[in-house]
Amino acid sequence: MENATSETKNNDQKDSTIKRIELPPVPEGMSKNQWKKIWKRKQWELNKEEYRQKRKVKRQRVKENRQRLIQSYVERGEEIPSEYIREPKVNVNQVDSGMKLIIDCSFDELMNDREIVSLSTQLTRAYAANKRANKYSEIKIIGFNKRLKERFENGLSNSNHKNWNHFKFIEEPVEGQEQEKGNENENENKNEGLMTSDEYLRQLDLKRTVYLTADTEEELETLEADMTYIIGGIVDKNRYKDLCLNRAKQFGIPTKKLPIDKYIKLNGRQVLTTAHVVQLMLSYADTRDWAKSMETVLPQRKIDLVGTLNKQEMEGTAGE
Ligand SMILES: C[S@@+](CC[C@H](N)C(=O)[O-])C[C@H]1O[C@@H](n2cnc3c(N)ncnc32)[C@H](O)[C@@H]1O
């Protein structure tokens, strides 16, 4: 044990790659606490790559040790202790949030190939988040066609997306293909069959549906069970302002924006990625705490820390 401790100490001492700079004097108009937080973040930014490397090496070491240990139990014919058996990546205790989410992916022609790949990755993130959430949501992907569908069927063929739990891909019929209803379709959209995204949006109950968009005035204050929230499935680097707002208007669907401004201050525009919005909704459905959800879901670089702390101090909204 002693050896292990001194080895760790030596490793730390040897680690000259981590740059540490003493806390400079507190800038005027800022509290010491605020400054400390900001300084900590700056130090982290400075050493980001080194930390990433360290984490990678450590993960590999832990993995190898674990495999060696397990192997030794197997070779001795002994039962593997429960602490070495990995928890499944599924949250077995999760309950239905009652909230339904739709990701509207009807924007193929507005994205380039890289953006399609990015959107597919975001959908896999949304699925992973839903699997782990304490409160899951039934999530439907509408407008599933063209390059996105191709990406899942070729590039991501191992993802087994047709069998994802609580996640349905509603395929669009391709031209000349007959509309299927019922169970014949072997993919997961058993009840809906093939359906265009427009058809899907048209049959929604407008009183129980909200299209989320950053381009509207009204804020989403809380989430209600039995409501359907639509999120735009597009990666557009802010090229198409009002795109989803106009789509919602076209179908008479009420629109709301996330109450970001009330809780945190963001660097740049308040337009989030599709995956972050799904994660935020799942987190809020569980915690009922916007500030906490935003701080855990959104990347640090996106949050303006000083602005956020000032805002929360002034408005008393931290953890509200
Ligand atoms: C990358 S954004 C797409 C931006 C696109 N220009 C549009 O018109 O929505 C992905 C989706 O996340 C949701 N979203 C992003 N930021 C949001 C916000 N601040 N409030 C509500 N929804 C937001 C919207 O549904 C949006 O369509």
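Remember, it's 1-based here, ligands and their atoms both numbered in the order they're listed. Residue numbers run from 1 in the order of the sequence given. Only this structure's heavy atoms are used, side chains among them; waters, hydrogens and symmetry mates stay out. As the structure is a computational prediction, the values presented were derived from the model and not from experiment.
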Only distances under 3.5 Å count here; give the side-chain donor-acceptor pairs of residues 275-283 to other protein atoms, sequence neighbours excluded, each with its distance to 0.1 Å.
{"from": "His276", "atom 1": "ND1", "to": "Thr273", "atom 2": "OG1", "distance (Å)": "3.1"}
{"from": "Ser283", "atom 1": "OG", "to": "Ser293", "atom 2": "OG", "distance (Å)": "2.9"}

>> Given the ring of Tyr73, does Arg76 sit roughly above its face, with NZ or CZ under 6.0 Å from the centre of the six-membered ring and within 45° of the axis?
In response: yes
>> I need the Tyr200 OH to Asp104 CG distance, nearest 0.5 Å.
In response: 11.0 Å
Table please: side-chain donor-acceptor pairs of residues 114-121 below 3.5 Å, with sequence neighbours left out.
{"from": "Glu115", "atom 1": "OE1", "to": "Asn112", "atom 2": "N", "distance (Å)": "3.0"}
{"from": "Glu115", "atom 1": "OE1", "to": "Arg239", "atom 2": "NH2", "distance (Å)": "2.8"}
{"from": "Glu115", "atom 1": "OE2", "to": "Arg239", "atom 2": "NH1", "distance (Å)": "2.9"}
{"from": "Glu115", "atom 1": "OE2", "to": "Arg239", "atom 2": "NH2", "distance (Å)": "3.4"}
{"from": "Ser120", "atom 1": "OG", "to": "Val117", "atom 2": "O", "distance (Å)": "2.6"}
{"from": "Ser120", "atom 1": "OG", "to": "Arg151", "atom 2": "NE", "distance (Å)": "3.0"}
{"from": "Thr121", "atom 1": "OG1", "to": "Val117", "atom 2": "O", "distance (Å)": "2.9"}

One line per pair, note the atom names and distance for all nitrogen or oxygen contacts under 3.5 Å between ligand 1 and the protein.
{"from": "ligand 1", "atom 1": "6 (N)", "to": "Asp236", "atom 2": "OD2", "distance (Å)": "2.7"}
{"from": "ligand 1", "atom 1": "6 (N)", "to": "Tyr240", "atom 2": "O", "distance (Å)": "2.6"}
{"from": "ligand 1", "atom 1": "8 (O)", "to": "Tyr240", "atom 2": "O", "distance (Å)": "3.4"}
{"from": "ligand 1", "atom 1": "8 (O)", "to": "Leu243", "atom 2": "N", "distance (Å)": "3.2"}
{"from": "ligand 1", "atom 1": "8 (O)", "to": "Cys244", "atom 2": "N", "distance (Å)": "3.0"}
{"from": "ligand 1", "atom 1": "16 (N)", "to": "Leu272", "atom 2": "N", "distance (Å)": "2.9"}
{"from": "ligand 1", "atom 1": "19 (N)", "to": "Gln270", "atom 2": "O", "distance (Å)": "2.7"}
{"from": "ligand 1", "atom 1": "20 (N)", "to": "Leu258", "atom 2": "N", "distance (Å)": "2.9"}
{"from": "ligand 1", "atom 1": "22 (N)", "to": "Thr213", "atom 2": "N", "distance (Å)": "3.4"}
{"from": "ligand 1", "atom 1": "25 (O)", "to": "Leu212", "atom 2": "O", "distance (Å)": "2.6"}
{"from": "ligand 1", "atom 1": "25 (O)", "to": "Gly232", "atom 2": "N", "distance (Å)": "2.9"}
{"from": "ligand 1", "atom 1": "27 (O)", "to": "Gly232", "atom 2": "N", "distance (Å)": "3.4"}

> Side chains of Met227 and Val210: does their closest heavy-atom pair fall under 4.5 Å?
Replying inline: yes
> Got a sec, which pairs hit ring pair (Phe, Tyr, Trp, His ring centres under 6.0 Å) with one end in residues 207-232, sequence neighbours left out?
Replying inline: none
